Amino acid sequence: MNSLVRKYKYEIMICIILIIGFFVRIYGISEHPNGLNVDEASIGYEAYSIMNYGIDRNGKTYPVFLEAWGSGQNALYAYLIMPFIKFFGLSTFSVRFPIAIIGCISLIVLYKLLKIIENKKMTLCVLFIFSISPWYIMKSRFGLESNILPDIILWSVYFFSKFLKYDKKENFYIGSAFLGIASYAYGISYFVIPVFFIMFIALLLKKRRIKLLEAVIGLGIIFVIALPIILMIFINSFNLNEIKIGFITIPRMQSNRYETLTLLSKGSILKTMISNFSESMKILLTGDDRLLSNAIFPYGIIYIFSIPLTIIGLFLSFKRKNEINIMMNIWFLTSILLTFIVEPNINRINVLWIQVIYYTAIGVYEIIENVKVLGYILVVMYLIAFISFENTYFKTDFTNNYTFYDGIESVIKYTNEIETEEIYFEYAFKEPYIYVLFYNKINPRYFNATVKYKNNIKSFDSVKSFGKYIFSLPKKLDNTKDVAYILKKKEEKNYNIDEDLWKKTYIDDFLVLEKKIKEDLHWKNYF
């Protein structure tokens, strides 16, 4: 038995690391983070609407990019989660479980990639660091549609690495296809994909690994797959009308979100570039962007004490001259260029973090190989930090940061039982209307037919009402109409509530006010 364990100790350790990695990405995913994020509710409802009615909430048939809030939301994740919604129903679980599965698949892809480019010990070390990375765990438990972009690029890099290792052209074309698919994952891909691919192709042509025709074919594959999103960019950049290709819609947004987040909307370009880069480096060093949905301080992307190891790994990686390692460095350089043009937070520059973790792991491996005692101390430090992070993560109330909202489902389900003509919902958090659509599974055609916008403009924070739901509170409660009010408990003090006229129901952090029926008042007066 002992000889068998010694013989397969590497494989056993890989399996243990993968099991731990899978577990911390999937366990309790409906409850942690607690509550539901507004973007999760949006992408889930859009997927539900398109799957069941063939249109999104803005009436677009099978859009390549979701109009969503008016400024848009990436569509790829909506289509990926449809089978899960079909099987499990529309819920927090069905929105988050797919990204957890993607995170688990990426660990396997990473392992297979490392087997191509590294030795067994290095593979073990890198996989260990990736499996316990706070960023990689948190982003795999949060159904934010843009967070699948790093995974898809990783899968592309894996096939490019297979091509470089085994010289099979089909792997180059598959890698190109994944880059084309990545264009639907997140808006920053419009910059990342062409810059990365051009530099990679230049490397391949210089090394004579591919012919010009093969490079053109790879570029053609990306172009054909990404053509609908290219048309979307063209339409929205030049204020053209939306078009339909068969049942597919290439929509026109109310505003260009990818422009507002980049240099295209700024005044002084040089000043903005320096500011963006500076803020990105600050996020890298502190591991914090003040968004609890992205990171928990002080754990950061890959634990704060890792920065010196990241620098060591970065230096060693750029010393290596093999083609696969150069490709990995091209990915890093592309990500660094991105930090100059995007107003940063952790998810907006998410393509950078896989490389940061990779370089950190190289630094850890170098210490283990050259200073064994210090290497063992490092491993223990990472295990302690990982256990501490997990303990903190599962005890964190994510609603404190106003990025996730809890208790809304119970309130909405309760109000469904109220027979009333109108329900006033306090605008106490982002986009309460999307939660009503999500939890009540409203027909998008009904929403489109009854929705009213503030100033008749579809933009973020602009839905005034739909159906019987009105998303604002009056200054004074009206007991002459058949209405109900939903407000935060803390707002109760701002209203003079006559308990003879209003029934109070407290649900989590909310207060529901209903008119007391005449029979209730009659019996109260009788006694």
Side-chain angles (χ1 to χ4, degrees), residues 24-44 69 73 77 92-93 95-97 99-100 102-103 132-150 186 188 261 279-307 342-354 356-357 385-409 427-432 434-435 438 460-461 488 490 508-510:
V24 297
R25 283 158 177 77
I26 295 174
Y27 172 75
I29 200 165
S30 296
E31 294 78 32
H32 306 280
N34 58 313
L36 186 69
N37 179 272
V38 65
D39 286 317
E40 291 180 308
S42 177
I43 203 72
W69 318 110
Q73 191 173 19
Y77 192 60
T92 303
F93 177 81
V95 171
R96 291 180 182 167
F97 187 58
I99 202 164
I102 288 171
I132 66 169
S133 158
W135 168 76
Y136 217 2
I137 293 169
M138 289 186 69
K139 81 105 186 157
S140 297
R141 299 180 61 89
F142 173 26
L144 182 66
E145 87 287 349
S146 59
N147 273 342
I148 64 173
L149 177 61
Y186 192 21
I188 62 171
L261 296 178
E279 185 62 26
S280 298
M281 293 305 101
K282 181 180 177 182
I283 291 171
L284 172 60
L285 293 173
T286 64
D288 186 36
D289 63 356
R290 298 176 297 280
L291 290 174
L292 193 56
S293 55
N294 285 333
I296 298 175
F297 187 81
Y299 300 100
I301 305 299
I302 183 57
Y303 308 106
I304 296 299
F305 61 82
S306 299
I307 295 299
V342 172
E343 185 179 332
N345 63 31
I346 286 174
N347 61 272
R348 287 178 187 164
I349 53 174
N350 57 21
V351 292
L352 174 62
W353 308 125
I354 283 183
V356 168
I357 300 168
F386 168 59
I387 292 169
S388 176
F389 164 73
E390 285 295 301
N391 181 60
T392 303
Y393 177 85
F394 284 101
K395 288 182 178 179
T396 296
D397 181 1
F398 287 86
T399 63
N400 285 337
N401 194 241
Y402 301 103
T403 52
F404 293 84
Y405 304 102
D406 209 356
I408 304 172
E409 181 177 12
Y427 217 107
F429 50 88
K430 283 185 178 181
E431 308 302 323
I434 195 62
Y435 292 93
F438 182 92
F460 209 72
D461 290 342
K488 285 292 191 80
K490 64 182 180 181
D508 293 315
D509 197 34
F510 294 90

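Side chains are part of it too, since the values below use all heavy atoms of this structure and drop only hydrogens, waters and symmetry mates. Quick caveat: nothing in here was measured; it's all calculated off a predicted structure.
Of the residues Glu40, Glu31, Glu145, the one that meets the salt bridge (Lys or Arg N to Asp or Glu O under 4.0 Å) test with Arg96 is Glu40. Checked against Tyr299 for a side-chain contact (heavy atoms from CB on, under 4.5 Å), the options Ile301, Ile296, Ile302 give a single hit: Ile296.
Taking the centre and axis of the six-membered ring of Tyr136, the NZ or CZ atom of Arg25 falls inside the cone set by 45° and 6.0 Å.
Note that CZ of Phe404 and OG of Ser293 are 5.5 Å apart. Values are rounded to the nearest 0.5 Å. Taking OG1 of Thr92 as the start and NE2 of His32 as the end, the distance is 12.5 Å to the nearest 0.5 Å. A distance of 11.0 Å separates CE of Met281 from OG1 of Thr286, quoted to the nearest 0.5 Å. With rounding to the nearest 0.5 Å, the separation of CZ in Phe305 from CD1 in Ile307 is 10.5 Å. In this structure, CG in Asp288 is found 11.0 Å from CG in Asn345, a value given to the nearest 0.5 Å. Atom CD1 in Ile148 sits 5.0 Å away from atom CD1 in Ile102 (nearest 0.5 Å).
In plain terms, the two heavy atoms of Gly44 and Phe438 that are nearest each other are CA-CE1, 4.2 Å. When all heavy atoms are compared, the tightest approach of Asn37 to Tyr435 is C-OH, 3.3 Å. Between Met138 and Tyr393, the closest heavy-atom pair is CG-CE1, 3.9 Å. Taking both residues in full, the closest heavy atoms of Pro150 and Asn350 are given as CG-O, 3.4 Å, listed atom of the first, atom of the second, then distance. In terms of heavy atoms, Ala41 sits closest to Leu36 at CB-CD2, 3.7 Å. Ile357 and Ser133 get closest at one heavy-atom pair: CD1-OG, 3.3 Å.
Contact annotation: the side chain of Lys488 approaches that of Phe510 to within less than 4.5 Å [non-hydrogen atoms, C-beta and beyond]. Annotation: side chain of Ile346 is not in contact with side chain of Leu291 (no heavy-atom distance under 4.5 Å). Asp39 has its side chain out of reach of Phe142: every pair of non-hydrogen atoms, C-beta onward, lies at least 4.5 Å apart. Contact annotation: the side chain of Leu284 approaches that of Val356 to within less than 4.5 Å [non-hydrogen atoms, C-beta and beyond]. With contacts defined as side-chain heavy-atom distances shorter than 4.5 Å, the pair Asp406/Asp508 does not qualify. By the 4.5 Å heavy-atom criterion applied to side chains, Tyr405 and Pro432 are not counted as neighbours. In this structure, Ile132 and Tyr303 have side chains that are in contact, with non-hydrogen atoms separated by less than 4.5 Å. Inter-residue side-chain proximity for Val24 and Glu390 is flagged as met; some heavy-atom pair is nearer than 4.5 Å.
Heavy atoms from other residues, nucleotides or ligands lying under 6.0 Å from OH of Tyr27 number 12 at most.
Using modelled atom types and a 3.5 Å distance limit, the side chains of Asn347 and Asn147 yield no donor-acceptor pair.
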task = Please test Asn34 against Asp397 for side-chain contact (heavy atoms from CB on, under 4.5 Å), starting from the C-alpha separation and ending with a verdict.
result = CA-CA 7 Å; Asn34 58 313; Asp397 181 1; 2.8 Å; yes
request  = Please lay out, stage by stage, how Trp353 and Ile283 fare under the test side-chain contact (heavy atoms from CB on, under 4.5 Å).
outcome  = CA-CA 11 Å; Trp353 308 125; Ile283 291 171; 4.0 Å; yes
